[in-house]
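Report on the following structure.
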There are 2 protein chains.
Amino acid sequence: MSLRHAILGILSVKPMSGYELKKVVDGSVGHFWTADRSQIYRTLSALVEEGLASRGTVVQEGRPTLHPHTVTDAGLAELDRWLASPLQAPPTRDAFLARLFFADRLPPERVRALLDARHREVAEELAELEAIEFPPRDALPEGVTELGYALREAARDHGLAHARAELAWIDATRRRLERITP
Amino acid sequence: MSLRHAILGILSVKPMSGYELKKVVDGSVGHFWTADRSQIYRTLSALVEEGLASRGTVVQEGRPTLHPHTVTDAGLAELDRWLASPLQAPPTRDAFLARLFFADRLPPERVRALLDARHREVAEELAELEAIEFPPRDALPEGVTELGYALREAARDHGLAHARAELAWIDATRRRLERITP
DNA sequence: CGCACATATGTGCATGGTCCTCTATATGCA
DNA sequence: TGCATATAGAGGACCATGCACATATGTGCG
């Protein structure tokens with residue numbers, strides 16, 4: 001859906017090949033977005049076809065040819081249009097909650113096991129987020145504005161806040177279950 | 001992905017037609033799951049073909065024929081298998097965060113507008129969740145166990161907790177932005 | 001020497017999903 | 001009278017995604 005725009009956003013910072021894009025997506029924005037390799041290549045092709053990006057060629061010795069992609073002016077315009085467009089929130093889908101909702105078919109200890117597994121997962125996620133180091137504010141990497149820096153911090157904090165809320169909810173739910181099936 | 005299982009779960013409580021299912025999905029589990037009408041019908045057909053549900057026929061006067069679907073024993077087995085299976089969390093995708101991450105291209109007041117819009121949305125969602133009334137614990141509807149009741153409350157609390165965390169994060173982010181672009 | 005892994009780009013296929021449209025009838029509203 | 005909405009189901013087009021696989025080459029390890 002908006003993988004197009006996520007890619008436009010990343011490319012607007014710096015031209016990249018599909019291969020490099022994949023690594024950036026996995027690393028930098030991995031907390032709130034993912035993309036399959038083949039999907040990235042397909043999306044890049046589509047962007048080029050639509051005139052939103054242009055494809056370069058860098059022949060390398062000893063390794064495969066690189067195809068760095070650059071956002072065109074039309075691409076930047078589309079990116080800005082998207083940034084300003086009304087955000088229609090996609091319907092939330094939580095497979096874990098769906099499971100839990102119907103989990104009264106399971107014996108209570110299995111329900112607790114579901115919560116425990118979830119707790120472990122989220123705790124791991126939280127630890128990863130907490131491990132993210134930001135460079136000191138007074139030494140911003142080139143091309144990064146103060147606003148951009150703040151937004152990237154905010155994105156990480158979003159993950160932190162929700163991970164902590166999730167852990168707290170799991171604890172409360174555990175206590176709730178203990179009360180009815182000790 | 002697990003619309004199959006969500007439907008099995010709902011049908012396990014009470015046989016239903018596709019039409020009725022759609023309403024239940026939109027209402028009761030609407031906070032964490034959605035489904036397109038045609039997709040529901042297709043999924044029901046698939047379930048019947050796989051022997052996980054059976055299709056009945058109720059001819060009505062003056063309105064279209066009903067096709068209530070009932071979960072078979074195989075369907076219940078599949079449901080239990082799914083409930084107990086390891087939950088591989090699908091990658092999180094948050095279009096709003098993606099937008100915000102690249103929003104340093106926008107003038108600061110537009111960024112604030114994004115946060116404001118989001119705040120309104122989440123506040124509305126929160127109000128809807130808060131409006132949900134549960135029947136008193138001592139008068140459970142038939143077929144609902146105490147565990148089931150607690151899990152449904154927990155599902156709502158999940159929505160509440162995250163909506164509140166989101167609002168708090170938005171406030172913090174607003175303050176963060178005010179500090180750098182007063 | 002063989003094997004795994006990294007670099008780099010793709011194709012093909014199946015799945016799951018949304019959106020739009022069609023078919024019928026009944027009720028209610030202006 | 002006409003229009004919207006509710007009831008009930010279904011087909012077609014299209015899209016994004018994910019998995020498996022293909023292609024070539026280089027490096028490091030045991």
Side-chain angles (χ1 to χ4, degrees), chain A residues 1-8 11 15-27 29-30 32-50 53-69 82 88-95 98, chain B residues 1-8 11 15-27 30 32-50 52-69 82 88-95 98:
Chain A
M1 227 219 266
S2 57
L3 177 59
R4 287 159 43 86
H5 298 106
I7 286 182
L8 281 179
L11 290 185
M16 272 179 222
S17 68
Y19 191 83
E20 197 180 353
L21 255 174
K22 170 63 175 164
K23 294 208 276 191
V24 170
V25 168
D26 283 353
V29 300
F32 55 86
W33 208 266
T34 53
D36 186 70
R37 251 186 15 265
S38 57
Q39 193 62 18
I40 286 178
Y41 286 118
R42 267 189 281 255
T43 304
L44 281 176
S45 297
L47 289 176
V48 171
E49 236 177 283
E50 292 171 71
S54 69
R55 177 186 159 116
T57 298
V58 176
V59 179
Q60 303 179 108
E61 280 184 64
R63 40 184 66 184
T65 301
L66 268 178
H67 292 288
H69 286 71
W82 172 70
Q88 41 202 6
T92 50
R93 282 202 177 165
D94 193 322
Chain B
M1 228 225 262
S2 57
L3 178 60
R4 287 160 43 86
H5 298 105
I7 286 182
L8 280 179
L11 290 185
M16 274 179 220
S17 68
Y19 191 84
E20 196 180 353
L21 255 173
K22 170 62 175 165
K23 294 208 277 190
V24 169
V25 168
D26 284 352
F32 55 86
W33 208 265
T34 53
D36 185 71
R37 252 187 12 264
S38 54
Q39 191 63 16
I40 287 178
Y41 287 117
R42 268 188 274 258
T43 304
L44 281 176
S45 298
L47 290 176
V48 170
E49 238 177 281
E50 292 171 71
L52 304 180
S54 69
R55 177 186 159 115
T57 297
V58 176
V59 179
Q60 302 179 110
E61 281 184 63
R63 39 186 66 184
T65 300
L66 267 178
H67 293 289
H69 286 71
W82 172 69
Q88 41 205 4
T92 50
R93 284 206 176 160
D94 192 322

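Reminder, nothing fancy here: chain letters follow the sequence lines and each chain counts from 1. What you see is a predicted model; the values in this text were computed from it and never measured.
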inquiry  = Nearest whole Å is fine: how far is D:dA16 C1' from A:His5 NE2?
reply    = 14 Å
inquiry  = Over all strands shown, is B:Thr65 touching base, sugar-phosphate only, or nothing at heavy-atom distances under 4.0 angstrom?
reply    = sugar-phosphate
Heavy-atom side-chain proximity of A:Ile40 to A:Asp36 below 4.5 angstrom = no
inquiry  = Once you apply a heavy-atom cut-off of 4.0 Å, does B:Ser17 come out as touching a base, just sugar-phosphate, or nothing?
reply    = sugar-phosphate
request  = Give me the residues of residues 54-61 of chain A where at least one heavy atom lies under 4.0 Å from an atom of DNA chain D, by number, or none.
outcome  = none
ask   = Separation of A:Leu66 atom CG from C:dA8 atom C1', in whole Å?
value = 7 Å
message = Around atom CD of B:Gln60, are there more than 12 heavy atoms from other residues, nucleotides or ligands closer than 6.0 Å?
response = yes
message = Using whole Å, what does the distance between atom P of nucleotide D:dA8 and atom CG of B:Leu44 come to?
response = 14 Å
Review item, nucleotides 18-23 of chain D N/O atoms under 3.5 Å of protein N/O:
unit_1: D:dG18; atom_1: O6; unit_2: A:Arg42; atom_2: NH2; d: 2.5
unit_1: D:dC19; atom_1: N4; unit_2: A:Ser38; atom_2: OG; d: 2.8

ask   = At their closest point, which heavy atom of A:His69 faces which heavy atom of A:Val48, and how far apart are they?
value = CD2-CG2, 3.6 Å
key: Verdict with supporting geometry, A:Asp26 and A:Thr34, side-chain contact (heavy atoms from CB on, under 4.5 Å)   = CA-CA 6 Å; A:Asp26 283 353; A:Thr34 53; 5.6 Å; no
ask   = For the pair made of CG in A:Leu3 and P in C:dG17, what is the distance, rounded to whole Å?
value = 19 Å
ask   = Does any non-hydrogen side-chain atom of A:Val29 lie less than 4.5 Å from one of A:Val24?
value = no
Overall bend - the helix from C:dC1-D:dG30 to C:dA30-D:dT1, comparing terminal axes fitted on five pairs, nearest 10 degrees = 30°
ask   = Just wondering, do A:Leu44 and A:Leu11 contact through their side chains at under 4.5 Å, heavy atoms?
value = yes
query = Within this structure, what is the NZ-to-P distance between A:Lys22 and C:dA8, rounded to whole angstrom?
reply = 16 Å
Residue pair B:Leu3 / B:Ala35: nearest heavy atoms and the distance that separates them = CD1-CB, 3.7 Å
query = So, is B:Tyr19 close to the D:dT7 phosphate, meaning a side-chain N or O under 4.0 Å from OP1 or OP2?
reply = yes
ask   = What is the minimum heavy-atom distance between B:Tyr19 and B:Tyr41, and which atoms define it?
value = N-OH, 3.5 Å
key: B:His67 vs B:Val58 side-chain heavy atoms within contact, under 4.5 Å   = no
ask   = Atom CG of B:Leu47 to atom C1' of D:dG9: distance rounded to whole Å?
value = 16 Å
key: Smallest separation among heavy atoms of B:Ala98 and A:Trp33, with atom names   = CB-CE3, 4.4 Å
query = Are the side chains of B:Thr65 and B:Thr57 in touch, meaning some heavy atoms are under 4.5 Å apart?
reply = yes
ask   = D:dG9 phosphate, OP1 or OP2: any side-chain N/O from B:Tyr41 under 4.0 angstrom?
value = yes
